[in-house]
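Along the sequence shown, residues carry numbers from 1.
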Amino acid sequence: MLPGRGETRRPFNVASGPPLADHAIVRAARAVLALLSGRITLADLSRILRSPFVAGGVSRAPQRAMFDVWLREQGIVELDVGQLSRYVASFAGSRGAHPADVALDGSFERTRAVLPAAGTRCSLDVWATAMSRCLQAFGWPGERRLTVVEQATVAAFQAAVARFASLELVQSPLDARGALRLLTALLAREPFQVERPEAPVQVLDLPDACGVGFDALWITGLDDERWPAPADPNPFIPLEWQRTHALPGATPEIELERARRTTRRLLGSSPVVLVSHGVRDGDRSRGPSPLVRSLERCELRELALADAPDHGFAPSTVSPLETLRDNRAPPLAPAEATRGGTRVLKLQAACPFRAYGELRLHATSLATASSALDARVRGVLMHGALESTWRRLGSSAALHALDEAGVEGVVAQAVEDAVVAVEREHVLALPPRRRAVESARLARTLRAWLAVERERAAFDVQALEAQSTVRLGAMSLGTRADRIDRLADGTLVIIDYKSGAGERRAPGAWSGARPDEPQLPLYALAETKPLAGLFIAHVRPGRPGFSGVARAAGIVPDVGGDAEGAGTMPRVNELRARWREALERLAADYAGGDARVDPKHGWQTCRRCELALLCRVAERAALAEAGDV
């Protein structure tokens with residue numbers, strides 16, 4: 001049943017198939033037809049890009065897959081059909097490619113030319129013609145040769161569109177969205193199953209089984225709650241009229257008599273008849289239907305299996321299971337580039353397998369588009385606003401010189417700079433309402449943070465987004481410190497911004513052989529000048545503040561001296577030596593191929609990991625609980 005395996009003769013046939021709307025080739029057509037409304041969701045556009053049932057769906061598949069990934073990274077939820085060529089050009093520019101490599105924008109342009117004007121209400125025959133032209137512009141059903149099943153599905157879909165067009169006699173004109181809803185409802189109500197060669201086992205619905213003779217028959221589901229079926233009168237027909245004319249479902253008596261007739265027919269349709277029923281439904285017990293209680297009862301173990309050919313389903317031999325403990329990946333080659341920078345160490349400390357899976361296997365999930373900005377984009381906004389603020393101010397003296405109006409002006413400009421930068425980077429213009437909400441949230445957080453910065457000892461900002469390279473054993477890792485300040489005595493303070501509510505605090509986040517936040521220790525190794533402090537700046541609503549280690553109290557609020565959770569750094573060289581030892585060990589483990597499934601904080605570490613299906617840590621935990629490992 002896997003794609004590409006071709007037609008296989010099966011020993012069974014299921015008479016009722018899924019709705020026509022659920023067949024893959026029809027889902028592709030529905031995604032293309034979504035263009036009729038002039039806008040398309042990312043889900044439908046992604047289905048078009050990944051579908052083999054459109055022109056170029058096979059030959060252009062790699063380029064279109066990368067375009068799909070790029071669109072998700074931009075945070076796009078829905079786009080106007082007329083904007084697609086701009087997105088294709090931006091994607092091609094970011095990859096140094098040509099828009100023709102995606103080979104889709106021409107299809108969209110041809111589609112726009114044959115569609116009715118936006119908002120137009122048309123009769124269904126006009127919409128049916130537009131649908132056919134739209135599918136033709138995209139080359140549906142694709143460039144490869146269709147299987148027999150796919151050809152039959154295409155014919156059934158085209159017949160359904162023709163029936164859709166015939167409804168114009170009873171349906172008033174509709175706009176594009178209304179026409180699409182009507183077609184979708186029509187396809188969803190129409191079951192479709194390709195006729196297959198005769199099979200010895202037929203799985204039938206009750207109406208299809210009545211009146212048919214069988215060599216053997218197994219009737220399932222005859223329990224005392226479902227058979228006879230409960231009365232279900234039609235709510236749109238007068239009940240008295242239903243009773244007078246004995247309509248199905250009108251009364252319990254009618255349903256009982258109908259069930260008796262059906263049961264007699266089925267029990268007489270084969271020389272061998274088995275009847276079964278469920279014995280439990282949740283907490284409820286179920287017994288056999290009263291219509292079959294007179295039958296002889298037997299247990300499952302009394303039923304002998306037929307001596308029939310296996311039709312290729314059963315294995316001819318049973319192979320013994322082997323156990324393989326594969327905890328090591330191939331070591332990094334000398335010329336192999338190290339991706340990820342400080343993230344290499346953070347992931348290796350969290351779980352070696354996660355570092356291997358994400359950074360070397362590239363096993364990461366696709367970005368999920370959302371109408372709201374995700375935590376990553378909000379973090380980028382916060383970092384951008386802080387960088388813009390300190391590029392303007394440059395020192396604590398400039399901050400203290402501002403009155404309330406001056407602070408508001410700096411904050412407003414920093415927020416605008418950050419939002420514009422994110423919109424430019426993501427090729428995405430935020431809707432006005434969402435832009436206003438995010439800007440207000442960012443401004444509140446930034447004002448609260450500047451109040452914390454006012455309480456610091458005097459400083460000048462020496463560098464923002466300071467880049468450097470640190471050598472750890474055989475690996476070279478790039479670093480980018482958010483901010484480096486210079487104090488009055490010439491010593492330096494390194495600051496790393498964190499905007500998440502669940503971020504761990506320092507110095508606990510830097511301790512041990514597997515530090516949770518190795519960035520700042522690595523930044524300290526990259527800096528050769530004397531350090532007065534290393535701090536995580538927790539820039540978040542409600543609880544802004546610093547955590548870290550300081551040479552003395554007063555450098556930043558609540559760090560140093562006797563403050564709760566404070567750390568001191570009288571022996572900077574000793575700390576650096578300790579950090580270098582831990583980070584070099586992590587780097588050596590990563591380079592040597594250490595890929596153990598070993599989450600540092602158990603399920604708390606796994607909660608944010610996307611590799612659960614690959615490492616199967618949950619399955620391993622279940623086996624361990626059962627005592628099997």
Between Ile25 and Leu146, does the side-chain contact (heavy atoms from CB on, under 4.5 Å) criterion hold? Intermediate values first, please.
CA-CA 10 Å; Ile25 199 167; Leu146 301 181; 4.2 Å; yes
Side chains of Arg72 and Ser46: do they bring a donor and an acceptor to under 3.5 Å?
yes
Sub-4.5 Å side-chain heavy-atom contact between Ile40 and Ile48
yes
Kindly give the heavy-atom pair with the smallest separation between Leu187 and Ala160, and that separation in Å.
CD2-CB, 3.7 Å
Spacing of Leu180 atom CG and Met131 atom CE [to the nearest 0.5 Å]:
5.0 Å
4.5 Å side-chain heavy-atom contact, Asp224 and Arg293:
yes
Sidechain-backbone polar pair: Ser166 side chain, Arg163 backbone, donor-acceptor under 3.5 Å:
yes
So how far is it from Leu36 CG to Cys122 SG, rounded to the nearest 0.5 Å?
10.0 Å
Is the side chain of Glu78 donor-acceptor paired with the backbone N or O of Arg39 at a distance under 3.5 Å, no angle test?
no
Whether the side chain of Ser37 engages the backbone of Ala34 through a donor-acceptor N/O pair (distance < 3.5 Å, no angle test) should be reported.
yes
Would you check if the side chain of Gln242 reaches a backbone N or O of Ile237 as a donor-acceptor pair within less than 3.5 Å?
yes
In sequence, state the C-alpha distance, the side-chain angles, and the governing distance for Val272 and Phe214, and then conclude on side-chain contact (heavy atoms from CB on, under 4.5 Å).
CA-CA 9 Å; Val272 180; Phe214 304 96; over 6 Å; no
Is there a side-chain contact between Arg226 and Arg286, using heavy atoms and a 4.5 Å cut-off?
yes
Any chance you could measure Thr129, atom OG1, to Leu124, atom CG, to the nearest 0.5 Å?
11.0 Å
Find the distance between CD (Glu73) and CZ (Phe91) and round it off to the nearest 0.5 Å.
9.5 Å
Side chain to side chain, Leu267 and Leu295, heavy atoms closer than 4.5 Å:
yes
Hey, does Leu291 have a side-chain heavy atom less than 4.5 Å from the side chain of Leu256?
yes
Measure across Asp44 and Ala31 and return the closest heavy-atom pair with its distance rounded to 0.1 Å.
O-CB, 3.7 Å
Separation of Ser132 OG from Trp140 CH2 (nearest 0.5 Å)
9.0 Å
Is there a side-chain contact between Cys134 and Leu33 (heavy atoms, below 4.5 Å)?
yes
Looking only at atom types and distance, does a side-chain atom of Arg47 sit under 3.5 Å from a main-chain N or O of Arg50, one as donor and one as acceptor?
no
Any side-chain donor near an acceptor of the partner, Trp227 and Thr263, under 3.5 Å
yes
Would you please test Leu79 and Leu71 for side-chain contact (heavy atoms from CB on, under 4.5 Å) and show each step?
CA-CA 10 Å; Leu79 68 153; Leu71 285 171; 5.6 Å; no
For a quick test of reading the model, state the closest non-hydrogen atom pair linking Leu217 to Ser270 and the distance between them.
N-OG, 3.7 Å
Using modelled atom types and a 3.5 Å cut-off, is there a donor and acceptor pairing between side-chain atoms of Glu168 and backbone atoms of Asp125?
no
Could you tell me if the side chain of Phe157 sits less than 4.5 Å from the side chain of Thr153, heavy atoms only?
no
Taking every non-hydrogen atom, the tightest pair across Ile254 and Gly249
CG2-N, 4.4 Å
For Arg144 and Phe53, work out which heavy atoms get closest and say how close.
NH2-CE2, 3.3 Å
Before giving the answer on side-chain contact (heavy atoms from CB on, under 4.5 Å), spell out for Arg243 and Leu239 the whole-Å C-alpha distance, their side-chain angles and the decisive distance to 0.1 Å.
CA-CA 6 Å; Arg243 291 171 176 170; Leu239 184 59; 3.3 Å; yes
Non-hydrogen side-chain atoms of Glu150 and Pro141 separated by less than 4.5 Å:
no
Over 12 non-hydrogen atoms of neighbours within 6.0 angstrom of CD in Glu143
yes
Below 30° counts as parallel, above 60° as perpendicular, anything between as tilted: where do the rings of Tyr87 and Trp70 land?
perpendicular
Take atom CG of Leu613 as the centre, draw a 6.0 Å sphere, and report whether it contains more than 12 heavy atoms from other residues, nucleotides or ligands.
no
Hey, what do you get for OG1 (Thr262) to CD (Glu257), rounding to the nearest 0.5 Å?
9.5 Å
Closest heavy-atom pair, Ala21 versus Ala188, reported as atoms and distance to 0.1 Å, is CB-N, 3.9 Å
I'd like to know whether CZ of Arg433 has more than 12 heavy-atom contacts from other residues, nucleotides or ligands below 6.0 angstrom.
no
